[in-house]
Amino acid sequence: MTASKLLRHETILAVLTIIALAVLASLSDKFFTAENLLNQGRLMSEVGLVALAMTFVIVTGGIDLSVGSILGLTAILLGVFWKNLGLPLPLAIAGALACGTFAGWVNGFIITRFSVPPLIATLATLALYRGLAEGISEARSVRGYPEWFYVFGQGEILGVPFQLWILGIATVVSAVILGLTPFGRATYAIGANETAARFSGIRVHATKLWIYTAAGFVSALAAVIFVSRVTTTRSDMGTGLELDVITGVVLGGTSIFGGRGTIIGTVLGLILIQALKNGLALSGVKGDGTIVVIGLVLIGAILIGAMFDKNRGG
Amino acid sequence: MNSKDVERADGATHAHALPIALRGVSKSFAGIKVVTQVSFDIRPGEVHALMGENGAGKSTMIKIMAGLHQADEGEILINGQPVRFASPRDAHAAGIATVHQELLLFPELTVAENIFLGQTPKTGLGTIDWQAMRARARELLDSLDSGDLDIDQKVASLSVGNRQRIEIARALAQDARVLIMDEPTAALAEADVQRLMAIVRSLRARGVAIVYVSHRMPEIFALADRVTVLRDGHHVATKNVSEVDEPQLVSMMVGRAIDRLYPAKQGVDGEVILELRDVSYRGVIRGISLKLKRGEILGLAGLVGSGRTETALTVFGITPATSGQIVIDGKPEHISSPEAARDLGIAYVPEDRGQQGLIRSQTIEDNIALANLKRLMRGFMVDAAKVTAEARKAIERFGIRARGPQQLVRQLSGGNQQKVVLGKWLATNPRILIMDEPTRGIDVGAKAEIHQLMRKLAGEGMAILMISSELPEVLGMSDRVLVMNSGRIVGEFDRQAATAEAVGTAMTRSYSREDAA
């Protein structure tokens with residue numbers, strides 16, 4: 001995959017994002033302030049982290065609908081490990097991360113071992129993990145975490161929200177992996193033609209297993225940040241997260257059929273969505289109006305992308 | 001048909017009678033001219049063969065006639081009237097139907113439904129007139145001498161030959177006056193080929209003009225009235241078939257005379273490098289034992305489904321052996337994945353290029369890198385410069401006709417695609433090369449090149465296991481021939497003993513279990 005070819009959609013998206021930012025800035029003077037932008041960065045971190053892993057998933061031609069449920073389950077387990085089992089909080093965090101990662105591995109295992117379509121497998125675990133979260137929590141929320149824990153969700157380093165640093169590092173790492181390593185090449189190859197990838201000696205199953213496991217891990221990481229940001233644990237956390245994540249990834253130019261997509265695109269897609277949500281709210285547009293706009297932008301971006309794609313064919 | 005010469009003398013006055021005529025047609029893709037100023041016409045009631053190497057522009061010409069592509073220059077005349085096809089629908093309306101190489105039927109619909117898809121007979125109420133549809137379908141198939149086809153059967157359960165007849169019936173249902181057939185016999189068994197040829201003749205007798213694309217010389221001489229040869233997108237000549245012979249056609253196609261069909265053996269056989277001892281995979285292949293030596297080409301003959309490809313897949317780790325032993329360089333190895341096979345120096349050029357061999361939506365360099373990622377790294381990253389260099393090397397070594405390493409594989413012709421697959425695998429420095437149908441769907445020129453390359457590789461010490469359904473290829477290329485039948489090896493012939501009769505008999509004989517055991 002050469003950069004020039006793939007960057008085309010990203011270029012359109014970047015232009016679109018800049019236009020959106022300019023328009024939104026002109027609509028409200030509260031929008032284009034450092035404080036507001038950093039705060040928006042804080043709000044998009046959880047979706048952003050999961051979207052990075054989701055980009056890999058969708059590039060392989062798969063989908064992971066269970067990420068929101070994994071987030072919810074992990075959040076509950078964090079509270080339970082700490083409050084009910086009395087584990088020290090760092091240990092509870094580690095345990096929760098491990099469980100979320102395991103949940104992702106289970107997805108990958110079902111998909112690769114039994115050849116279940118990812119849509120079906122993760123639709124099932126979407127229900128399964130959410131059900132577990134609700135069962136374990138028994139509708140009780142956990143509060144009163146120690147002060148240091150809030151640094152993940154509310155703290156700052158050099159004036160930038162803590163989780164934005166994590167998102168930044170994760171973005172660079174995943175962009176390098178997808179764009180420059182053999183693992184990334186394998187990811188694209190699997191999405192473009194799984195049989196040919198297998199016949200070329202690519203470890204198709206192992207690659208997919210890693211990707212779904214990573215999706216579980218970042219969902220768990222997002223859960224810890226989420227709990228820290230909102231200072232409480234509830235079982236319905238992360239409901240519908242998967243749709244926000246997939247919207248960002250697809251808006252970013254990743255083909256839902258696999259084989260195409262970039263991390264840069266995903267990040268641009270996320271920024272555009274978050275900017276629209278916030279900017280339109282600040283300009284006095286009601287919530288439903290914002291969703292309509294996001295839907296229209298998504299359709300528009302896909303149509304433009306499809307147009308360019310057609311011109312390229314031969 | 002008999003008035004050919006008369007017509008040719010004053011063809012212009014008869015232009016209104018020509019079902020389709022092309023005048024100076026050109027077409028470019030992404031700046032590359034694939035067809036340049038091509039003119040020819042098709043007369044009613046003739047079989048007009050369209051020949052040329054892969055990449056010569058045949059497919060593009062067909063697609064222009066079928067309305068899938070639009071010509072950049074030149075014009076198409078239907079009955080002397082210039083037309084412009086914006087879509088295949090327009091071409092259908094003008095009486096042009098196409099039987100594609102990949103049959104475009106709907107497996108879950110019945111035979112009758114497939115024939116009338118898009119032109120279903122309606123009742124006065126606007127609902128489907130099932131009775132009329134079934135009766136018409138019956139009639140059409142009977143007229144194609146295919147009364148044995150059940151019109152209520154789902155297409156999924158039918159053989160390729162039967163599906164093809166349905167496609168032809170579908171074309172007739174549209175009252176096609178021009179029928180374009182793209183390599184109709186490529187996937188057919190011999191009996192079906194004969195049947196198809198009979199159908200083509202009967203269509204011709206009815207006045208249908210047939211554009212017939214095929215690489216198979218015997219068919220051309222048995223069927224065609226005229227032949228148009230394309231080379232590199234240019235029109236070379238249109239001749240009466242009675243005026244040309246096979247060597248002339250070949251040299252028109254490749255632009256040079258092909259001196260020898262099969263290159264002679266070079267060098268001598270070395271030690272045994274691959275040995276299979278009583279290898280089985282489930283019930284599919286049973287008790288396979290064979291030895292492959294360095295420097296030899298071992299041919300694996302057999303009918304489709306006899307277990308040849310399955311044997312290759314087992315050696316390559318796609319379907320790991322369920323019993324028996326695979327020995328490489330005297331060491332028993334457990335090959336559990338293609339990756340393991342590759343690391344042992346085994347390369348497999350699969351039979352299905354588009355599905356198994358290549359990622360057609362990716363570039364040449366991406367494809368070549370795919371099996372070689374470990375070698376093409378700097379630190380933990382893939383080195384883009386090395387990847388491009390590797391692709392350039394392959395393009396040069398195998399004479400791949402492409403704009404460069406970044407060209408998409410799907411834009412290449414079949415022969416060049418096959419060379420990319422070869423390039424990918426030879427870059428892994430294999431010691432054992434398994435080639436499954438190495439020249440299927442490839443034109444004569446590229447075929448000879450690939451044969452020469454195989455010989456050269458064997459001469460350099462490569463051990464080659466070749467699977468082929470083309471008996472002349474098996475006999476011409478192999479130093480030794482093994483014949484498979486019902487999942488077992490049933491015969492071994494050295495070069496002298498491997499005659500068409502001996503190998504053919506072993507291939508087709510029905511062995512009972514006791515015989516083979």
Side-chain angles (χ1 to χ4, degrees), chain A residues 1-8 59-61 112-113 115 172-210 254-263 308-314, chain B residues 27-32 34 60 69 313 316-318 337-343 346-350 352-363 365-384 387-388 405-411 421 424-425 428:
Chain A
M1 293 282 114
T2 50
S4 60
K5 193 169 62 198
L6 281 173
L7 282 177
R8 205 170 280 168
V59 167
T60 65
T112 55
R113 183 72 180 76
S115 308
V172 172
V173 169
S174 41
V176 167
I177 293 177
L178 187 59
L180 302 174
T181 65
F183 188 87
R185 293 246 172 186
T187 308
Y188 284 116
I190 292 169
N193 182 345
E194 188 169 326
T195 311
R198 183 153 170 256
F199 273 78
S200 300
I202 297 292
R203 299 173 51 183
V204 173
H205 284 181
T207 305
K208 283 192 184 173
L209 200 55
W210 271 109
T254 300
S255 163
I256 203 79
F257 302 112
R260 272 195 299 134
T262 57
I263 295 292
F308 273 85
D309 207 38
K310 217 176 193 173
N311 292 343
R312 217 180 53 203
Chain B
K27 176 78 184 169
S28 305
F29 290 110
I32 302 292
V34 290
T60 308
H69 290 328
L313 293 181
F316 192 60
I318 299 270
S337 68
E339 198 199 352
R342 180 190 61 203
D343 294 344
I346 303 173
Y348 175 56
V349 176
D352 186 345
R353 218 167 17 242
Q355 200 50 42
Q356 302 168 332
L358 291 167
I359 298 181
R360 295 174 70 243
S361 57
Q362 291 192 352
T363 62
E365 62 174 26
D366 288 338
N367 271 284
I368 290 178
L370 203 57
N372 299 285
L373 290 171
K374 278 185 205 156
R375 260 190 332 105
L376 301 172
M377 286 170 69
R378 196 176 52 195
F380 64 91
M381 290 194 240
V382 177
D383 187 334
V387 167
T388 306
Q406 269 99 29
Q407 187 169 6
L408 296 179
V409 164
R410 67 153 180 257
Q411 298 170 340
V421 184
K424 170 170 83 175
W425 280 109
T428 65

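The figures here come from the full heavy-atom set of this structure, side chains too, leaving out hydrogens, waters and symmetry mates. None of the values given here were measured: they were computed from a predicted structure. Just so we're on the same page: letters track the sequence lines, and every chain starts at 1.
Side chain of B:R360 to main chain of A:N193: no donor-acceptor pair is present (N/O by atom type, distance under 3.5 Å, no hydrogens or angles). In terms of modelled atom types and a separation under 3.5 Å, the side chain of A:S255 and the main chain of A:F257 share a donor-acceptor contact.
Heavy-atom pairs under 4.5 Å with chain A peak, among B:N372, B:L358, B:L376, B:L313, at B:L358. By number of non-hydrogen pairs under 4.5 angstrom with chain A, the leading residue of B:F316, B:Y348, B:W425 is B:W425. When each of A:L180, A:I177, A:T195 is checked for heavy-atom pairs under 4.5 Å with chain B, A:L180 comes out on top.
The contact between B:A369 and chain A is made entirely by side chain atoms (from C-beta outward), counting heavy-atom distances below 4.5 Å. No part of B:K374 comes within reach of chain A, as not one of its non-hydrogen atoms sits under 4.5 angstrom from that chain. With a 4.5 angstrom heavy-atom cutoff, B:V421 does not touch chain A via any of its atoms. With a threshold of 4.5 angstrom between heavy atoms, B:L370 approaches chain A through its backbone and through its side chain.
Side-chain polar atoms of B:E365 and B:T388 form a donor-acceptor pair below 3.5 angstrom. For B:K424 and A:S200, the side-chain atoms include at least one donor-acceptor pair closer than 3.5 Å.
Of all the heavy atoms in A:T112 and A:K208, the pair that sits closest is CG2-CB, 3.7 Å. Of all non-hydrogen atoms in A:R185 and B:D366, the two that sit nearest each other are NH1-OD1, 2.8 Å.
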